[in-house]
Amino acid sequence: MAKNVALVTGGMGGLGTAICKSLANDGWKVVANCLPAFPPAAEWVAKCKSEGYDFQIAEADVTDYDQCAAMIKKIEAEIGQIDVLVNNAGITRDAMFRKMDKGQWDAVMSTNLDSVFNVTHPLLPLMAERGFGRVVNISSVNGVKGQFGQANYSAAKAGILGITKALAQEVAKKGVTVNAIAPGYIGTEMVMAIKEEVREQIVATIPVGRLGRPDEIGDLCAYLASDKAGFITGATININGGLHMC
Ligand code: CAA
Ligand code: NAP
């Protein structure tokens with residue numbers, strides 16, 4: 001039987017693209033969210049198509065509740081019922097706390113944490129009514145352990161773990177699971193933006209001795225979205241090369 005829609009927020013980024021591909025490999029009809037009027041969107045769709053992936057796009061700024069609610073409504077009406085939601089969109093605005101300004105705090109809280117409310121809130125009741133759903137929230141090792149220079153990011157990503165556990169309890173009996181993935185350092189633009197010498201020091205502390213690959217996160221996401229993972233809910237799955245063991 002054909003699978004329904006999987007929506008991935010920030011679906012055109014480093015991890016987002018890999019998550020889209022892993023979900024598509026498992027038979028989901030994938031919709032990648034991006035910011036409205038995102039110039040490289042058509043190019044991204046064409047590149048994925050040349051690799052054999054047929055992705056659709058849904059525009060919305062995840063910091064804006066009304067845009068997210070409209071996006072969910074449009075996908076459900078025009079593409080199909082959304083059974084999988086991956087809350088993946090996120091940003092960093094790293095600075096030592098004493099140098100961090102309110103704008104850096106607010107940007108990270110609204111993009112990384114408010115977004116989870118904004119996209120999940122209009123969709124979760126539909127999943128619960130239908131008796132099936134999979135929500136996967138992308139947190140971070142730095143939300144689990146805290147990170148020097150990331151008071152904003154660590155707070156938002158830790159907040160994701162809280163909402164994951166609360167929602168998991170609210171919808172457990174409705175066939176909907178809610179889980180968090182806490183990736184370590186993965187080789188995407190977000191990590192490559194760290195100053196090289198700082199990044200090298202970080203990689204040196206990873207027991208596996210390398211950055212993670214985006215497809216390693218994508219495949220874990222696809223597993224959590226699958227029928228096989230129906231007994232996993234409210235969990236935080238750490239995938240960090242041994243950087244933080246808990
Ligand atoms: N622990 C303790 N001290 C540290 C430290 C650490 N982890 N990192 C830096 N310091 C110290 C430095 O040694 C330096 O000390 P001195 O003043 O005594 O020399 C001081 O803090 C200032 O360091 P910087 O020169 O680096 O300060 P800066 O203002 O130029 O930069 C920073 C600060 C932006 C936070 C920078 O250190 C940095 O980018 N750190 C990495 C933060 C990080 O890991 N971000 C992850 C981004 S990717 C991501 O978030 C994905 C994910 O989920 C994993
Ligand atoms: P990325 O390549 O920068 O991707 C982030 C995506 O989110 C981009 O497509 C970005 O779009 C989108 N986005 C940002 N703000 C948005 C908004 N307001 N509305 C809609 N989309 C928005 O970063 P990544 O490494 O793939 O990270 C993806 C997620 O994984 C993030 O939540 C990140 O915190 C988390 N994570 C990453 C790592 C890592 O090591 N890379 C580790 C742990 C967790 P634009 O390009 O248009 O800005």
Side-chain angles (χ1 to χ4, degrees), residues 7-21 32-41 43-44 57-65 67-68 71 86-100 104 106-116 118-119 136-161 180-206 210-218 220-221 236-241 243-244:
L7 169 64
V8 181
T9 68
M12 297 177 193
L15 289 192
T17 301
I19 294 168
C20 288
K21 288 179 178 174
N33 151 265
C34 64
L35 283 161
F38 183 57
E43 202 181 301
W44 180 85
I57 296 177
E59 295 182 345
D61 181 336
V62 296
T63 66
D64 183 308
Y65 182 85
Q67 285 189 31
C68 293
M71 170 177 71
V86 183
N87 283 306
N88 165 73
I91 58 170
T92 51
R93 295 289 182 270
D94 294 356
M96 288 167 71
F97 188 61
R98 65 183 166 79
K99 294 187 194 167
M100 186 177 289
Q104 290 170 308
D106 289 343
V108 169
M109 294 308 283
S110 63
T111 308
N112 296 12
L113 183 57
D114 292 354
S115 60
V116 177
N118 294 341
V119 186
V136 181
N137 296 323
I138 306 298
S139 175
S140 163
V141 65
N142 294 342
V144 176
K145 71 170 187 56
Q147 171 61 31
F148 185 104
Q150 286 198 308
N152 49 3
Y153 187 88
S154 299
K157 293 297 188 180
I160 285 181
L161 304 182
I181 293 178
Y185 287 78
I186 314 298
T188 70
E189 271 176 34
M190 183 177 274
V191 165
M192 299 326 265
I194 304 171
K195 280 187 289 186
E196 194 177 352
E197 67 269 26
V198 175
R199 196 174 64 242
E200 278 170 5
Q201 283 166 17
I202 291 169
V203 175
T205 64
I206 302 173
R210 64 168 173 88
L211 294 173
R213 293 192 319 267
D215 64 281
E216 292 174 317
I217 307 304
L220 175 56
C221 226
T236 300
I237 314 283
N238 296 292
I239 171 164
N240 60 37
L243 176 63
H244 184 64

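Residue indices begin at 1 and follow the sequence shown. Fair warning: this is a prediction, and the values are worked out from it, not measured in the lab. Every number for a ligand or one of its atoms is a count from 1 in the order of the listing.
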Evaluation steps, side chain to side chain contact (heavy atoms under 4.5 Å, CB included), between D114 and T63:
CA-CA 6 Å; D114 292 354; T63 66; over 6 Å; no
Intermediate values then yes/no, side chain to side chain contact (heavy atoms under 4.5 Å, CB included), N112 and I91
CA-CA 7 Å; N112 296 12; I91 58 170; 3.8 Å; yes
Is there a side chain to side chain contact (heavy atoms under 4.5 Å, CB included) between V141 and N238? Walk through the geometry before answering.
CA-CA 7 Å; V141 65; N238 296 292; 5.9 Å; no
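- Atom-to-atom distance recorded for I217:CD1 and L15:CG is 6.0 Å, nearest 0.5 angstrom.
- Residue-environment remark: CD (E197) exceeds the threshold of 12 foreign heavy atoms within 6.0 Å.
- Near ligand 1, heavy-atom contacts under 4.0 Å come from T92, D94, M96, K99, S140, N142, Q147, F148, G149, Q150, Y153, G184, Y185, M190, V191, I194, K195, V198, I202.
- Looking at S140, its side chain never comes within 3.5 Å of a backbone N or O of A182 through a donor-acceptor pair.
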Could you walk me through whether V119 and L7 pass the side chain to side chain contact (heavy atoms under 4.5 Å, CB included) test, one step at a time?
CA-CA 10 Å; V119 186; L7 169 64; 4.3 Å; yes
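- Annotation: side chain of D64 is not in contact with side chain of N118 (no heavy-atom distance under 4.5 Å).
- Each of G10, M12, G13, G14, L15, N33, L35, F38, A60, D61, V62, T63, N88, A89, G90, I91, T111, I138, S139, S140, Y153, K157, P183, G184, Y185, I186, T188, M190, V191 has a non-hydrogen atom positioned under 4.0 Å from some atom of ligand 2.
- For I19 against C221, the heavy-atom pair with the smallest separation is CG2-SG, 3.8 Å.
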